[in-house]
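Below is one structure, written out as C-alpha cells, with a few remarks after it.
Numbers for residues simply follow the sequence, beginning at 1.
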Amino acid sequence: QRLFLAALTALPVYLLLRVWFLRSNSVPRNRLRECLLCVFTLFLCGLLALALHPSASFEPEWPPYRVAVERISSWQGINLIPFQTIVQYFHGSISIRFIINILANVFMFSPVGFFLPLFWKRWQPCFRIIAVGLLGSTTIEVLQLFIGRTVDIDDVILNTLGVLVGYCCCSLLQRTLPRSARLSLP
C-alpha cells in the first residue's frame, strides 16, 4: 500500500516534469525509452518509500539527530561487521526471513544497475555503477539511523551486489540485442 501511494503521488509529478523537459530540450524521443524511464522513476520512488519508512516502534524526537546520536552511542540496531548478518542466516535452516533479507536486498537494487547504463552511456562503466550502488545504499543506511530502522553493513554489501547483478543483466541484454543500445543517451 505504501509503495502504491508513493507511485501514485510520483506519477503526475514525473509526467509534468518530463513533458516540460522534453518540450524545452531537443532530446530524441523514443516511446519505449520514455515508458521504461517512467517505470524506473516510479520504482525509485517506491524503493525510497520502502527503505525510508520508519520502524513501527519509532517515536520522532526533536531535534531529529538526537535519535541517531543515541543509537550510535549504544550501538542499538547497528551492525558494522561485514557478513555477520549473512553468516547468521546460513547457520540455521533457510527460512522465509533468509529469503526476504538476502534476496530482497540483492534484487531490490538490481533495477538501478540495469536501467542507469541502459538509459545513459555515462553510467556504462562498471566502476560507476558500483559507486552508485555503494553510495546510494550507504546513504539509505545512514538515513535509517534517524528513523529507528536497523543499520547493517551487510545491507550495503547486498544492495551493491544487486546493482552489479542488474549491470550484468544490462550488459548481457546490450550484447544480445544491440538495438537496445538505442535507448542510451550520452
Spell out, as yes or no, whether a donor-acceptor pair under 3.5 Å connects the side chain of [X] to the backbone of [Y].
X	Y	value
Gln144	Arg149	no
Asp154	Pro82	no
Arg71	Ile78	no

Q) Tell me, which pairs form a side chain to side chain donor-acceptor pair (under 3.5 Å) where one or both residues lie in residues 31-46, sequence neighbours left out? A) Arg18-Glu34

**Q.** side chain to side chain donor-acceptor pair (under 3.5 Å) pairs, two or more places apart, involving residues 98-109
**A.**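 Qualifying pairs, neighbours excluded: Tyr89-Asn101, Asn101-Asn105, Asn105-Asp155, Asn105-Asn159.
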
[atom1] of [X] to [atom2] of [Y]: how many Å apart, nearest 0.5 Å?
X	Y	atom1	atom2	value
Thr160	Ile157	OG1	CD1	8.0 Å
Cys126	Leu164	SG	CG	5.0 Å
Leu143	Glu141	CG	CD	9.5 Å
Leu103	Ser110	CG	OG	11.0 Å
Phe43	Met108	CZ	CE	7.5 Å
Leu22	Trp20	CG	CH2	10.5 Å

Linked, directly or transitively: [X] and [Y] (ILVMFWY side chains, under 4.5 Å):
X	Y	answer
Leu8	Val13	no
Val87	Ile102	yes
Leu52	Phe146	no
Val151	Val69	yes
Ile147	Leu145	no

Q.
Going by the rule side chain to side chain donor-acceptor pair (under 3.5 Å), which residues pair with Asn79 if we only count those two or more places apart in sequence or in a different chain?
A. Thr85, Asp152

Give every donor-acceptor pair under 3.5 Å between a side-chain atom in residues 169-177 and any protein atom, sequence neighbours left out.
from: Ser171; atom 1: OG; to: Tyr167; atom 2: O; distance (Å): 3.2
from: Thr176; atom 1: OG1; to: Leu172; atom 2: O; distance (Å): 2.7

If you define the side chain from C-beta out and look only at heavy atoms, does anything of [X] sit under 4.5 Å from [Y]?
X	Y	value
Ile129	Trp123	yes
Pro111	Leu47	no
Leu116	Val163	no
Ile153	Ile81	no
Val39	Cys35	no

Q: Identify the heavy atoms of Cys38 and Leu11 that sit nearest to each other, and give their distance.
A: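 What the structure gives for the nearest pair is SG-CD1, 3.6 Å.
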
(Q) Applying ring pair (Phe, Tyr, Trp, His ring centres under 6.0 Å) as the test, list every pair that has at least one member in residues 99-118; sequence neighbours left out. (A) Phe40-Phe115, Phe115-Phe119

Q: State which residues pass side chain to side chain contact (heavy atoms under 4.5 Å, CB included) with Thr150; sequence neighbours excluded, sorted by chain then number.
A: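 Here no residue qualifies.
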
